[in-house]
Amino acid sequence: MLVYPSGIDLSSRALRHLSGVLAGNRRRIGSRWRRLSCGRQALLVLAHLRCGDTYARLAAGFRIGIATAYRYIREAVDLLAALAPTLEQAMTTVRKKAYVILDGTVLPIDRIAADRPYYSGKKKHHGMNVQVLADPAGRLIWVSDALPGAVHDLTAARTHGIPAALAADATKCWADKAYQSAGPAVRVPFRGKNLRGWRRRHNRDHAKIRSLGERAMATLKCWRLLRKLRCSTTRITAVVRAVVALELAT
């Protein structure tokens, strides 16, 4: 098999952070010897998450077995996922902001037509629904656990307790029309296509504020693994949380 050098569009800070997490875990469990050093294992994991490289390609490039690559990646993902903030922890950051932006996205997965719970009627493909909170500049604050793609954004937000958490702290939140009736803290645009006067101006201004939240979505999609997830649906929450932990740490 041919092997060639490549690059990852991440800073060395991400590599150092993940290397430190892995080194701490190895000391904690008393691991004596590994095929890869902490730095090489971190590079393996970042290549998987950022570039979406498969286990087979990574195993060939790092000269290890496919099963070893899988174990190394799973270990690092679980460690990072544990570092991602919960909603309660994220609310500490939210309280310092003038307002936040709430939006949902469906991460594509490789499921067949029979898997109806994962089919999003809005996106017209199978996926997993995640809810995202961003600050006024569009920077990522928090991402929810993944739910089947057929779940509506409003239902997902309520399942995760987002409206209740925002209302408890009287935090202003901007969201799209999908979050109608989410609660007093969530501000949504007026419904209808032929609005006039101040309602039309309100919706235009609302869209300008809300559009900044797309930056947080783009931040997630820069991790190419999230553009087409081929793992078990039970692992997607851990993968998303690992990505969030890396983004917030670097």
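This one's a predicted model, so the numbers in the text were calculated from it and none came from an experiment.
Atoms SG and CG, from C231 and L225 in turn, are 6.5 Å apart once rounded to the nearest 0.5 Å. Distance check: L248 CG to T93 OG1 gives 8.0 Å after rounding to the nearest 0.5 Å. A distance of 9.0 Å separates CG in L49 from CG in L10, rounded to the nearest 0.5 Å. Between the OG1 atom of T68 and the CZ atom of R63 there is a distance of 15.0 Å, given to the nearest 0.5 Å. Separation of atoms SG (C38) and CZ (R27) is listed at 8.0 Å; rounding is to 0.5 Å. Rounding to the nearest 0.5 Å gives a distance of 4.5 Å between CD of Q41 and CG of L22.
M217 and I209 fall into different hydrophobic clusters, where Ile, Leu, Val, Met, Phe, Trp and Tyr side chains are chained together by heavy-atom contacts under 4.5 Å. L166 is connected to W142 through a chain of hydrophobic side-chain contacts under 4.5 Å among Ile, Leu, Val, Met, Phe, Trp and Tyr, so both are in one cluster. In the hydrophobic clustering of ILVMFWY residues, with side-chain heavy atoms under 4.5 Å counting as a link, V130 and Y179 come out apart. Follow the hydrophobic side-chain contacts under 4.5 Å out from L147 and you never reach L87; the two are in separate clusters. Both V77 and L229 belong to a single network of hydrophobic side chains, linked directly or stepwise wherever heavy atoms of I, L, V, M, F, W or Y lie under 4.5 Å apart.
With no hydrogens or angles considered, a side-chain donor-acceptor pair links W223 and E247 at under 3.5 Å. Remark: the N25 side chain and the R28 side chain contain an N/O donor-acceptor pair separated by less than 3.5 Å.
Within a 6.0 Å radius of NZ in K123, no more than 12 heavy atoms belonging to other residues, nucleotides or ligands are found. By the neighbour-count criterion of 12 heavy atoms within 6.0 Å, atom CZ of R227 is densely surrounded, having more than that number from other residues, nucleotides or ligands.
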Could you walk me through whether L18 and L79 satisfy the side-chain contact (heavy atoms from CB on, under 4.5 Å) test, starting with their C-alpha distance in whole Å, then the side-chain angles of each, then the deciding distance to 0.1 Å, before giving a yes or no? CA-CA 9 Å; L18 182 51; L79 290 172; over 6 Å; no

From CA spacing to verdict: side-chain contact (heavy atoms from CB on, under 4.5 Å), D78, R235: CA-CA 9 Å; D78 288 342; R235 293 291 302 163; 2.9 Å; yes

For R200 and D205, run salt bridge (Lys or Arg N to Asp or Glu O under 4.0 Å): C-alpha distance rounded to whole Å, both residues' side-chain angles, the deciding distance at 0.1 Å, then the answer. CA-CA 9 Å; R200 184 174 182 178; D205 294 339; over 6 Å; no

Worked verdict on T219 versus R215 for side-chain hydrogen bond (donor to acceptor under 3.5 Å, both in side chains): CA-CA 6 Å; T219 298; R215 178 183 174 185; 5.2 Å; no

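A cation-pi geometry, defined here as NZ or CZ lying under 6.0 Å from the six-membered ring centre and within 45° of its normal, does not hold between R210 and W174.
Nearest approach of L107 to K221, heavy atoms of both residues: CD2-CE, 3.7 Å. Contact between P85 and R241 at its shortest, heavy atoms only, is O-NH1, 3.9 Å.
Using modelled atom types, one side-chain atom of S19 and one backbone atom of L15 make a donor-acceptor pair closer than 3.5 Å. The main-chain N or O of A178 is never found under 3.5 Å from a side-chain atom of D153 such that the two would form a donor-acceptor pair. A donor-acceptor contact shorter than 3.5 Å is absent between the side chain of H160 and the backbone of I162. Checked by atom type and distance alone, the side chain of D135 pairs as donor or acceptor with a backbone atom of R139 at under 3.5 Å. Looking at Q131, its side chain never comes within 3.5 Å of a backbone N or O of L154 through a donor-acceptor pair. Between the K124 side chain and the G121 main chain, a donor and an acceptor come within less than 3.5 Å of each other. A side-chain donor-acceptor contact under 3.5 Å links N129 to the backbone of V151.
Remark: aromatic rings of H48 and Y55 are close, center separation under 6.0 Å. Taking the six-membered ring wherever Trp is involved, the centroid distance between the rings of Y119 and H125 does not fall below 6.0 Å.
Between R224 and D9 there is a salt bridge, since at least one side-chain N of the basic residue sits less than 4.0 Å from a carboxylate O of the acidic one. Salt-bridge check for E75 with R34: passed, with a basic side-chain N closer than 4.0 Å to an acidic carboxylate O. No salt bridge links D176 with R187; every basic N to acidic carboxylate O contact stays at or beyond 4.0 Å.
H202 and W198 have perpendicular rings, their planes meeting at more than 60° on a 0 to 90° scale where under 30° would count as parallel.
By the 4.5 Å heavy-atom criterion applied to side chains, I101 and L133 are not counted as neighbours. Inter-residue side-chain proximity for R35 and Y72 is flagged as met; some heavy-atom pair is nearer than 4.5 Å. Within the 4.5 Å cutoff, no side-chain heavy atoms of V106 are placed close to those of M128. Proximity of R158 to S181: side-chain heavy atoms (C-beta onward) are separated by under 4.5 Å at one or more points. Side-chain contact check for C51 versus I8: some heavy-atom pair is nearer than 4.5 Å. Within the 4.5 Å cutoff, side-chain heavy atoms of L58 are placed close to those of I73. You'll find the side chain of H126 stays beyond 4.5 Å of the side chain of P108, heavy atoms only. A 4.5 Å side-chain heavy-atom check between L36 and F62 finds at least one atom pair inside the cut-off.
Of the residues D103, T105, V132, the one that meets the side chain to side chain contact (heavy atoms under 4.5 Å, CB included) test with E214 is D103. Each of I141, V100, D169 was evaluated against M91; a single residue qualifies, D169, per the side chain to side chain contact (heavy atoms under 4.5 Å, CB included) test.
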